[in-house]
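Just so it is clear, the model here is predicted, and its values are computed rather than measured. Just so we're on the same page: letters track the sequence lines, and every chain starts at 1.
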Amino acid sequence: MSDRHQFEYHPDADQISAFVERALPAHEREQMLDHLAVCPECRAVVALSLPSVEEPAKPLPAPARKPWWSGWAVAWPAAAALAAIALFVVYYHHPATAPNAPAPTQMASANPPALPPSQGASPAPSSVPALHGSQPHPAVSSRAGSASGAGFAAKQNHGMAVSSQSIAGLAMEGRNVAPPAVMALASPAPSPGTTGQNAPTGTGSAGGVGGSVGGGFAAPPSAVAEARLQKAAPVAPPAIASAPPATAAGVMAPQASSGETVAVTSAAPMPTVSFDAANIAIAENELQIAQPRHPLPSGLPILSMATQADRIVAIDTRNAVFLSMDGGKHWKAVPVQWPGRAVKAGLVLYSAGSSAGYSRDKTASMAALTAGNSVSAGSSSGALAVQSRALKELPGPSLAGTVTDATGAVIAGASVSVTDNAAHAVRTVKTDGAGRYVVDGLAPGTYQVEAQATGFNRQVLAAVAVAESRPTVQDLSLTIGSASESVMVETESNQVSVSKKTKAKSVAASQAPPVFEITTENGARWTSTDGLTWKPI
Amino acid sequence: MDTASSKPADLVLPPPIEQPSTADQNAPSLIPRLPLSLLQELWRTADAETCGLSLDELSIVLTAVGKRVNHGLPPGATPDAAQKAAFFRSLHLSELALAHACALGREIAWENFLSRYRSALVHAAVSITGSATLGNDLADSLYAELYGLRQTAGERRSPLASYSGRGSLLGWLRTTLVQRWRDHHRRTHRETPLDNFDSPAPAPTPIPSNLEQLTAGVAHTLRGLAAEDRFLLSAYYLDRQTLLQIAQTLAVHEATISRRIKRLADNLRKQLIENLISSGFSKAAAEEALGADPRDIEINLSTLLQTSQTSTFSKKTAPTAAGDTL
């Protein structure tokens, strides 16, 4: 309160209070401000006349409703439309993601036309699209790979098909991982294939069929593929692909394809997805993707999970490890025996007699259940594509393929025996959850391949030529029948038929069962055969 | 109240009417009154009957208020009937009726006033004074004054009669409390002993020769500012009010006040330099007068504003003569 200035005339309390409450007309308010500019006393009175926060607030009159066309009501949609146009222009002119970019001609000519969507899979029920979050996006083709197979990277916002070499076809769908319960419910749902989605673009995706995400606990064998991302680019989580046998029609890619296509679609924006072919591993043994029908004791979603038979090791989002001995019905916590937090569970196979570099077959099967986006490999053909890529990494001749039934569904746990017609040596392997089998370390020559599974007729391919320079892919299709029946299938005429029969000798019968593996946050890996006792690698 | 300004517009109230009329009464009156339909509408809106205010009394009050502020129009403008009606409808009619009924001494109105504003009055007084004791004393003092204990020429005079109804009655009470508190502040300051001022006052510093030019330039620059901008500068640089206080006064966001003050200071400095250069200063001298560092503009502005009691700032604005009566 200043005593310096005393003016003769000041506004009275009525004017000041009306000024404070913005009730003065414009001319009077101007006069008031003019006076307040020179009168410190009235400024002090005005300042003190403001209602303090302690006093009950006087409700101000409601502001008059503005017409809808005033202010930003019109400007906002215009600004949004402008931003959308700008984004579209940027997206359209981006060379890697241009929607109308021409597909490589060699791919289009080499690959057969893709299946229509109706062939790929029947439409999913209405409750399922939550899992299949991505709408069919037009696949975008671009040349990204190189002969060196160093992987490829491409920006993607919606869908794209990335071509590379020596991969028959891989259909992968990036999806958001749904909660386990939802995934389990949706497991029998047929999955819309990406083949039909890719077909109009002419990218020549070799029959890639996208599998449904989340196989469910009782789901049939599932294909598992891990797609590790190159470098530290934005993470595209590992993938899960499952293919219900009754619906997912595994379409084999022709081996004569000179080009290969990997279709990757993503429902959620993932700026960059890079795949390292060297890191894509294949399960050689029986694996099953399963989502527990019963939730974890912690009630949290599953971060990562590995399944072998009825044993399931799961990691929840708080990095607690649980073990189920009965297929997920009952869980018990696994005491922590490792430093740090467990972040990923998987199965590791130590196969005896296999070549170095491929002896340790890691399937980060359920590691794909990481939060966020995931890239799930397609069902049978997608898995085969992964397999084909992995075969490229195999040193020396090898034989691989997929065992399916008459409908094209993969058969897990089928026994595949490869008999060397020259040396009469027999190697027997079992298909994994995706119905795949790999027999490596073979010598060039002709082999008899025999596949059998419970409830199916045995199929024998008398002479399968294994080339020296590259892996050989031989798929087997079993028909339903009694176990005693045996069907002899003669292969193509250009393959040598071997008539010499000698005593078979098993060379790799001692295939060790896969063991559980847990990866901690600091990268350390711990393995366990029973899921309870863990030891570091 | 020791200044003319703080005197409320004391009114000579008509003698109390023992039997308040009702809206249905159409008794003829010698007082120029509003159209009957409008008056009845306003009377019902004001709920004047519960305050013991008759139709004629409300008409007198409204007519006086409208005449006093020219129905919200600038001076000289002639309001038409629609403008008058709109002005009357924009008033806080119920509070206006209550205030004037209290000023007329209606007991029922006082009971209503006490129930509605007594606690708010004490609360506001405590908030203004910062002391519960002083606040209660101030509220009691104002309450006695409002009740009309003071008489002039044998008639009761209540400050409530000066309430026009444009703002809320609680806001009017709060402002009146502040004015009374200001008077109390002056009285207590006058009673402060001056023991510390025995030493003679220092000799005034000689005024630089170019200060007059500087003052004229400042006055010319400030004269070109809008009233709100000058109020902003004064409140911020002279009174050291916070951005929040100024923002509440002007009903804008404090960030807006901050931006405006910064823009004002920048523009003011440029204009000051231009004016000083045009009045004979060299550019260097003009900048030196304002301070070489632009960051000193705040200090310089404060000094300049305080020394610029020119016609622009010393204009005594009295929109309404405080002694107006209804």
- Message: Which residues pass the salt bridge (Lys or Arg N to Asp or Glu O under 4.0 Å) test with B:Glu228, not counting sequence neighbours?
- Response: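 Scan of B:Glu228 (salt bridge (Lys or Arg N to Asp or Glu O under 4.0 Å), adjacent residues dropped) gives A:Arg29, B:Arg260.
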- Item | Derivation and outcome, side-chain contact (heavy atoms from CB on, under 4.5 Å), residues B:Arg230 and A:Asp34 | CA-CA 8 Å; B:Arg230 279 185 278 125; A:Asp34 200 39; 2.8 Å; yes
- Query: Taking A:Asp14, A:Val46, A:Leu24, A:Leu36 one by one, which has the highest count of heavy-atom pairs under 4.5 Å against chain B?
  - Reply: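 The answer is A:Asp14.
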Specify the closest pair of heavy atoms between [X] and [Y], including all atoms of both residues, with the distance to one decimal.
X        : Y        : result
B:Asp239 : A:Pro40  : OD1-CB, 4.2 Å
A:Ala37  : B:Phe231 : CB-N, 3.7 Å
A:Asp12  : B:Gln179 : C-NE2, 3.9 Å
A:Glu30  : B:Ala227 : OE2-CB, 3.4 Å

- Task: Tell me, please, which residues at least two apart from B:Phe113 pass ring-ring contact (aromatic ring centres under 6.0 Å, His included).
- Result: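 By the ring-ring contact (aromatic ring centres under 6.0 Å, His included) rule, B:Phe113 matches B:Trp110, B:Tyr117.
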- Nearest 0.5 Å please: distance from the OG atom of A:Ser49 over to the CG atom of B:Leu177.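 Those atoms lie 9.0 Å apart.
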- Query: Roughly how far, to the nearest 0.5 Å, is CD of B:Gln245 from CZ of A:Arg43?
  - Reply: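 Result: 12.0 Å between the selected atoms.
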Student check: side-chain heavy atoms of [X] and [Y] closer than 4.5 Å:
X        : Y        : result
B:Arg182 : A:Leu48  : no
A:Val20  : B:Arg174 : no
B:Ser234 : A:Val38  : no

- Query: Relative to chain A, which segment of B:Leu250 carries a heavy atom at a distance below 4.5 Å: side chain, backbone, both, or neither?
  - Reply: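 Backbone plus side chain of B:Leu250, per the 4.5 Å heavy-atom cut-off to chain A.
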- Item | Residues, nucleotides or ligands: over 12 heavy atoms within 6.0 Å of A:Arg318 CZ |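 No, the 6.0 Å shell around CZ holds no more than 12 heavy atoms from other groups.
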- Step by step, work out the side-chain contact (heavy atoms from CB on, under 4.5 Å) result for A:Glu21 and B:Arg166. CA-CA 9 Å; A:Glu21 297 179 5; B:Arg166 292 187 293 178; over 6 Å; no
- Message: Any side-chain to backbone donor/acceptor pair from B:Gln241 onto A:Ala47? Under 3.5 Å, distance only.
- Response: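 Not a single qualifying donor-acceptor pair exists.
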